[in-house]
Engineer: 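Mind having a look at this structure? Questions to follow.
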There are 2 protein chains.
Amino acid sequence: MRIATKDKILNTAERLFAERGFTDTSLRLITSHADVNLASVNYHFGSKKELIQAVLRRYLDAFMPLVDEAMQVHLDSAEAPNLNQVFASFAKPLLEMNRIQQHGTAMFLLLLGRGYTDEQGHLRRYITQNFGQTIDKFRQVVSRAYPELSPVDMFWRLHFTLGTVIFTMASSAALRDIAASDYGEKVNIESLIYKVLPYLCAGVGAPIGPLTLD
Amino acid sequence: MRIATKDKILNTAERLFAERGFTDTSLRLITSHADVNLASVNYHFGSKKELIQAVLRRYLDAFMPLVDEAMQVHLDSAEAPNLNQVFASFAKPLLEMNRIQQHGTAMFLLLLGRGYTDEQGHLRRYITQNFGQTIDKFRQVVSRAYPELSPVDMFWRLHFTLGTVIFTMASSAALRDIAASDYGEKVNIESLIYKVLPYLCAGVGAPIGPLTLD
DNA sequence: GTCTATACACCGATAGAC
DNA sequence: GTCTATCGGTGTATAGAC
């Protein structure tokens, strides 16, 4: 059983990434904590960047089937869902990531944000290749909920949505501290998700065209 | 006139950051292009992190007075503005950044995002200390436009908004390429701003409370 | 004060022996 | 698969010259 090394690296890396961020987590720190040799990271993963991607893929592999399932329910339903229902069905898959791993939801979205901005299309290609069908179901469901939205506008608004979620989660620790000290409100990831969903929903469902000033 | 060194570093750094990103722009690259000594960066700015902040501050110093002016107009107006009008008044200040510098708008928002996620509160403190009055005016205007929104909900929704804009701009180059190839739509920064404003506006103006599913 | 040369500790990556 | 040794590169610190 020598595959253990690869998993040891993966688990240790994920824990340290969550604790210290990506740049502050060196390969030497990971390998010393995992009790493996420094060079084994490059042997098993190729590079630090690919290690980060490997950590992300474990999440995607757990997340996407749950989304697929939720979207299928909407597609099988006789009547078209409204946007509220579509977005509400993301809460469970997102929170499920928090169940399989401590800070899993924030970690997942952090990795997603990193992957989306850093690499030039690598992550996007991986997602479309492996979960293209799920993405397509999602687009179909949104289209049923808001038929007037053109494909290109949907493209942009879904990326706005991704951006909102990713940025919020990336800075959620800091923001939650501020909210707690300035407004005396303790917010956990779960309640944050329920705070952001109405925002996203309204954004995607916004009237089409430029702002009207009256 | 020996202040030239500091400005040379600042200008060169900004150009290279825009061209190659932050991590791919080493201090040695900056100083060699600027034709100054490596150590002068630390002498004038203290660290690379603080150099990035210094670049950002030049933008903030240009941006915030324009926002202040726009908010003052709303405050001086006899009747309360609606959210559309409030958000529309951000277009001009944002696009003004593109006039004073090529890719200035994207650069500004990129720096802002970097500053917000990286450092723990440094940038936030700088903004509140130097532009607290402007931020306050903005909050007042939003409050006039949507009085039912509680302070803590406004806090969250404005940060969602910041996240949307920052993430979109951070990945705008890649996203615009995709939009162009997949939907044949050429999008520049200006039209992107007009695409995102309705989304933000609807998000901030979303009904209060959790999603209602019917 | 401003600038320079230089050293330091650390980083990710890799070639090659085992 | 694993390991050692080493490479070129990074941000940072400092002693000392102008």
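Just so we're on the same page: letters track the sequence lines, and every chain starts at 1.
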Engineer: What is the distance from CZ of A/R20 to P of C/dC10, rounded to the nearest Å?
Structural biologist: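 It works out to 13 Å between those atoms.
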Engineer: Can you tell me how far P of D/dT2 sits from CG of A/L27, to the nearest Å?
Structural biologist: 16 Å
Engineer: Got a salt bridge between B/K8 and B/D35, using NZ or NE/NH1/NH2 to carboxylate O under 4.0 Å?
Structural biologist: no
Engineer: What is the distance, rounded to the nearest whole Å, between atom CG of B/D7 and atom P of C/dT2?
Structural biologist: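 Rounded to whole Å, this separation is 12 Å.
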Engineer: To the nearest Å, give me how far apart NZ (A/K48) and P (D/dG9) are.
Structural biologist: 19 Å
Engineer: Consider the side chain of A/T5, meaning its heavy atoms from C-beta on, and name the nucleotide among D/dG11, D/dT2, C/dA13 that approaches it most closely.
Structural biologist: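 Nucleotide nearest to A/T5's side chain: D/dT2.
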Engineer: Under 4.0 Å between a side-chain N/O of A/S40 and OP1 or OP2 of D/dT2, yes or no?
Structural biologist: no
Engineer: Assuming nearest nucleotide by heavy-atom distance, tell me which of A/R28 and A/D35 is located more 5' along DNA chain D.
Structural biologist: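 So the residue in question is A/D35.
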Engineer: Assess whether a salt bridge exists between A/E14 and A/R58, defined as any Lys/Arg side-chain N lying under 4.0 Å from an Asp/Glu carboxylate O.
Structural biologist: yes
Engineer: Report the relative orientation of the aromatic rings in B/F63 and B/F108; use parallel for angles under 30°, tilted for 30 to 60°, perpendicular for over 60°.
Structural biologist: tilted
Engineer: Using a 3.5 Å cut-off and no angle test, enumerate the donor-acceptor pairs between side-chain atoms of residues 189-206 of chain B and protein atoms at least two apart in sequence or in another chain.
Structural biologist:
residue, atom, partner, partner atom, Å
B/S191, OG, B/N188, N, 3.2
B/S191, OG, B/N188, O, 3.1
B/S191, OG, B/N188, OD1, 3.1
B/K195, NZ, A/D153, OD1, 3.1
B/Y199, OH, A/T161, N, 3.3
B/Y199, OH, A/T161, OG1, 2.7

Engineer: Grab the CG-P distance between A/D24 and C/dC11 for me, whole Å please.
Structural biologist: 10 Å
Engineer: A/L29 has an atom CG; how far is it from atom P of C/dC11, in whole Å?
Structural biologist: 8 Å
Engineer: Calculate the interatomic distance between A/N37 atom CG and D/dT6 atom P; express it in whole Å.
Structural biologist: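 Atom CG in A/N37 sits about 15 Å away from atom P in D/dT6.
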Engineer: Once rounded to the nearest 0.5 Å, what's the spacing between atom CG of A/L75 and atom CG of A/D68?
Structural biologist: 9.0 Å
Engineer: Please determine if a side-chain N or O atom of B/Y43 lies less than 4.0 Å away from the OP1 or OP2 oxygen of C/dT2.
Structural biologist: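 So the side-chain polar atoms of B/Y43 do come within 4.0 Å of the phosphate oxygens OP1 or OP2 of C/dT2, strictly under.
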Engineer: Find the distance B/F45:CZ to D/dG11:P and express it as a whole number of Å.
Structural biologist: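 Checked: the CZ to P distance equals 15 Å.
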Engineer: Would you say that B/H74 contacts B/R144 through its side chain, given a criterion of any heavy-atom pair below 4.5 Å between the two side chains?
Structural biologist: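 No, too far: nothing below the 4.5 Å cut-off.
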Engineer: Please indicate whether A/Q102 has more than 12 foreign heavy atoms, meaning atoms of other residues, nucleotides or ligands, lying under 6.0 Å from its CD.
Structural biologist: no
Engineer: With a 6.0 Å cut-off on the ring centroids, do A/F160 and A/F155 count as close?
Structural biologist: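 Ring centres of A/F155 and A/F160 not closer than 6.0 Å.
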Engineer: Below the 4.0 Å mark, does C/dG1 have OP1 or OP2 next to a side-chain nitrogen or oxygen of B/H44?
Structural biologist: no
Engineer: Pull out every protein N or O sitting under 3.5 Å from an N or O of nucleotides 13-18 of chain D, one pair per line with the distance.
Structural biologist:
none

Engineer: So what is the end-to-end bend of the helix from C/dG1-D/dC18 to C/dC18-D/dG1, with 5 pairs used at each end and the value given to 10 degrees?
Structural biologist: 10°
Engineer: Check B/E96 with B/K92, please: is the shortest side-chain N to carboxylate O separation under 4.0 Å?
Structural biologist: no
